[in-house]
Amino acid sequence: MIMGASLASVWYNFRLKSPTLDYDLALVFQPMLMLGISIGVIFNVIFPNWIVTILLLVLFVGMIYQYKSFISGY
């Protein structure tokens with residue numbers, strides 16, 4: 001619920017045209033950062049090291065693929 005509200009707030013703030021830098025947007029990411037840290041710690045405790053490595057590789061490959069798709073569409 002907190003992450004959803006954070007995402008909605010970020011989406012809303014990105015659409016606004018502001019002449020100055022808005023540092024409040026950095027505060028919006030804090031709940032998502034805490035959630036990611038919590039999930040990462042739980043995965044690190046539950047899964048063996050080789051599964052954590054594979055999950056990180058899948059995450060990074062997916063991020064690279066999404067970045068290239070975004071650049072080519074832009």
Side-chain angles (χ1 to χ4, degrees):
M1 190 161 151
I2 294 173
M3 189 174 81
S6 297
L7 286 173
S9 179
V10 168
W11 179 258
Y12 176 76
N13 286 331
F14 271 138
R15 295 177 56 194
L16 294 177
K17 303 286 186 198
S18 176
T20 61
L21 291 176
D22 188 13
Y23 291 106
D24 291 336
L25 189 60
L27 296 175
V28 174
F29 285 110
Q30 188 64 30
M32 290 190 294
L33 180 65
M34 291 171 50
L35 180 67
I37 290 170
S38 300
I39 291 173
V41 168
I42 291 170
F43 279 2
N44 200 14
V45 170
I46 292 174
F47 297 133
N49 288 337
W50 63 273
I51 292 180
V52 173
T53 304
I54 290 173
L55 288 173
L56 283 173
L57 285 174
V58 168
L59 176 73
F60 291 149
V61 168
M63 288 172 56
I64 290 170
Y65 177 73
Q66 291 295 337
Y67 180 72
K68 287 184 180 179
S69 298
F70 177 74
I71 294 298
S72 67
Y74 182 66

ILVMFWY cluster, F60 and W50 together (side-chain gap under 4.5 Å):
yes
Interatomic distance, CG@L56 vs CZ@F43, rounded to 0.5 Å, equals 10.5 Å
Side chains of S38 and V41: closer than 4.5 Å at any heavy-atom pair?
no
Hphob cluster co-occupancy, L57 + I51, side-chain heavy atoms under 4.5 angstrom:
no
Roughly how far, to the nearest 0.5 Å, is CG of L55 from CG of N44?
10.5 Å
Is there a path of hydrophobic side-chain contacts, each under 4.5 Å between heavy atoms, that joins F47 and V45?
no
Sorted by chain and number, sequence neighbours left out, side chain to side chain contact (heavy atoms under 4.5 Å, CB included) with I46 holds for I42
Tell me whether M34 shares a hydrophobic cluster with I39, the cluster being built from Ile, Leu, Val, Met, Phe, Trp, Tyr side chains joined at under 4.5 Å.
no
